[in-house]
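Here is how names work: the chains are called A, B, and so on, in the same order as the sequence lines, proteins then strands, and each is numbered from 1.
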Protein chains: 2
Amino acid sequence: MTAKTAPARAGRADLTRERVIATSIALLNERGPDRVTTAQIAASANINEGNLYYYFKTKRALILCIFDRFEDEVVQFFDKDIGEAAAPDTYMGFLREWFDIVWRYRFLHRDLVGLLAMAPDLRRRVRAISTHARAPVVRLIEQMRRARLIDIPERELDALLANAWIIATYWVVYLDVQKGVRVLRKSHMEWGLRQIASLVAPYLSTSARDWLATV
Amino acid sequence: MTAKTAPARAGRADLTRERVIATSIALLNERGPDRVTTAQIAASANINEGNLYYYFKTKRALILCIFDRFEDEVVQFFDKDIGEAAAPDTYMGFLREWFDIVWRYRFLHRDLVGLLAMAPDLRRRVRAISTHARAPVVRLIEQMRRARLIDIPERELDALLANAWIIATYWVVYLDVQKGVRVLRKSHMEWGLRQIASLVAPYLSTSARDWLATV
DNA sequence: GTCTATACCAAGATAGAC
DNA sequence: GTCTATCTTGGTATAGAC
């Protein structure tokens, strides 16, 4: 919410700062917070370790700054207006976008335990995000209902949402950790989309299911 | 496979060793490998830190020993014969047992990245486990089919299995990390079971679904 | 804003007495 | 088998010159 996003017009300092952040995200995703040292970050950003501390007083501060960015992206994503007359593939587009965010910040999900130990306050913020996410998703389902794309009994909705949330956030972790995937290729993305689709499939109208089969 | 399981007749040394292992599992589940020190383990097992190294030459060896135990339990679980005339709640019993294992060793799933960095060979073994798991699960589904409990198209099976696997392994992580659950109560367990059940529900026969509603 | 040099400390591990 | 004492390393962070 209160995050500093990338500056519009960047001076030299801003550029360095951005380079540090970008390079840190890459390293953190690759090896996780506990296996990335400040020395490695500095080296990877082509600056001296001492200089790194000019930009971020602590390693913790750097990681929190990255979390801010993630939070910003997520809030923006969910607050975006979906528009009423959505075609089926609009929904796919959203999912794709979501996977992309989760992938780019996957260490946040994968290594959350460690991060929580470092900054307990993150628990609150992580929870806030999944709470925040619920309304737009429910709205989206309502919309699909009105468009006669889906038909799901009220009492099964909660369980479906929880499952969808777990798959949608842990799918990339699963790819990363269990499958050893290093780069998120289009094929992986499609695979994840199909997983979610298969979750929802039983509740889709025949027309929507036919459409799905063509994707 | 080659793990040393708890000795049948335990001498003093064995008892100490077991205490170290049990206490380590507790600590590792609570805080994760990187936030548990050998000093804490020793203290928690009521022995001196030096003594700890008599039992395990390195921290790594200790953790690998725990992985051995997990592996043993999993293999035993999956190799167990299911028996043909299984009632619906037999399947629930299996799921329960599985959740229990995953919960007791949840740090292995939750902190796998770090563990893989420590012992790359684990990747092979983890993969072997999920490969090993497939056959029994497919057999189980076949059995449910014959008992007319389930009806699922062949081409939807793979996606369902993958989703079930993700939910079944990451459910406890989700509880732990996102919900802040510290002790796996019966209510959480039931919740997880319902999640899996809701995944399978669309494919169940009406009789099986009726049975499910009574649980 | 960037560097060099260095302090500091926590954690894993060893030696060797008992 | 268990303890005390100690070594070693590597990683975070600071001081201060340029």
Side-chain angles (χ1 to χ4, degrees), chain A residues 4 6-7 9-24 26-28 30-67 107 111 113-115 117-120, chain B residues 4 6-7 9-28 30-67 107 111 113-120:
Chain A
K4 299 151 203 144
R9 282 193 54 209
R12 203 212 310 278
D14 289 327
L15 281 176
T16 308
R17 200 186 144 87
E18 285 311 306
R19 216 169 55 240
V20 168
I21 293 174
T23 213
S24 296
L27 289 173
L28 290 167
E30 206 179 306
R31 294 202 288 281
D34 292 323
R35 261 152 302 278
V36 174
T37 69
T38 49
Q40 290 167 334
I41 292 173
S44 174
N46 288 312
I47 58 170
N48 186 277
E49 210 179 333
N51 194 11
L52 176 62
Y53 283 89
Y54 167 79
Y55 289 98
F56 298 96
K57 284 179 303 302
T58 64
K59 185 181 177 184
R60 185 189 137 97
L62 168 56
I63 292 176
L64 285 177
C65 165
I66 294 174
F67 187 90
F107 80 95
D111 307 316
V113 235
L115 295 169
M118 179 200 79
Chain B
K4 299 150 203 143
R9 280 192 56 209
R12 204 214 310 279
D14 290 327
L15 281 175
T16 308
R17 201 186 144 86
E18 285 309 307
R19 216 169 55 241
V20 168
I21 293 174
T23 213
S24 295
I25 294 179
L27 288 174
L28 291 167
E30 206 179 307
R31 296 202 286 282
D34 292 323
R35 259 151 304 278
V36 174
T37 69
T38 49
Q40 290 168 334
I41 292 174
S44 174
N46 287 311
I47 59 170
N48 187 279
E49 210 179 336
N51 193 12
L52 176 63
Y53 283 88
Y54 168 78
Y55 289 99
F56 299 96
K57 283 179 303 300
T58 64
K59 185 182 178 183
R60 185 189 135 98
L62 167 57
I63 291 176
L64 285 177
C65 165
I66 294 173
F67 186 90
F107 80 96
D111 307 315
V113 235
L115 294 169
L116 289 177
M118 179 201 78

- [ ] Run through B:Asp111, B:Ile66, B:Asp34 and flag the one making a side-chain contact (heavy atoms from CB on, under 4.5 Å) with B:Leu28.
- [x] B:Ile66
- [ ] Check the distance between C:dC18's P and B:Ile47's CD1 and give it to me in whole angstrom.
- [x] 21 Å
Task: Integer-rounded Å distance: C:dA11 P and B:Met118 CE - done: 18 Å
Task: Backbone N/O of B:Ala45 and side chain of B:Arg19: donor-acceptor pair under 3.5 Å - done: yes
- [ ] List the atom of B:Tyr53, the atom of B:Thr58, and the distance in Å for their closest heavy-atom pair.
- [x] CE2-CA, 4.4 Å
Task: Which atom of A:Leu27 lies closest to which atom of A:Gln40, heavy atoms considered - done: CD1-O, 3.9 Å
Task: Atom pair distance, as rounded to whole Å: CZ in A:Arg35 and P in D:dG10 - done: 16 Å
TODO: Indicate whether OP1 or OP2 belonging to C:dT2 is found under 4.0 Å from a side-chain N or O atom of A:Thr16.
DONE: yes
Open item on the list: Using a strict heavy-atom distance below 4.0 Å, which residues from residues 49-62 of chain A are in contact with DNA chain C?
Closed with: A:Gly50, A:Asn51, A:Tyr54, A:Tyr55
Task: Minimum-distance pair of heavy atoms, taken over all atoms of B:Arg35 and A:Gly114 - done: NH2-CA, 3.2 Å
Open item on the list: Using whole Å, what does the distance between atom C1' of nucleotide C:dA10 and atom CG of B:Asp34 come to?
Closed with: 14 Å
Open item on the list: Looking at B:Thr38, I'd like to know whether one of its side-chain N or O atoms comes within less than 4.0 Å of OP1 or OP2 on C:dG12.
Closed with: yes
- [ ] Return the value, rounded to whole Å, for the distance between atom CG of A:Asn48 and atom P of C:dT4.
- [x] 5 Å
- [ ] Nearest whole angstrom, please: distance from the P of C:dG1 to the CG of A:Leu15.
- [x] 12 Å
Task: Options C:dG1, D:dT4, D:dG1, nucleotide nearest the side-chain atoms of B:Ala13 - done: D:dG1
Task: Which atom of B:Pro7 lies closest to which atom of B:Glu18, heavy atoms considered - done: CD-OE2, 3.6 Å
- [ ] May I have the distance from A:Arg19 (atom CZ) to C:dT2 (atom C1'), rounded to whole angstrom?
- [x] 12 Å
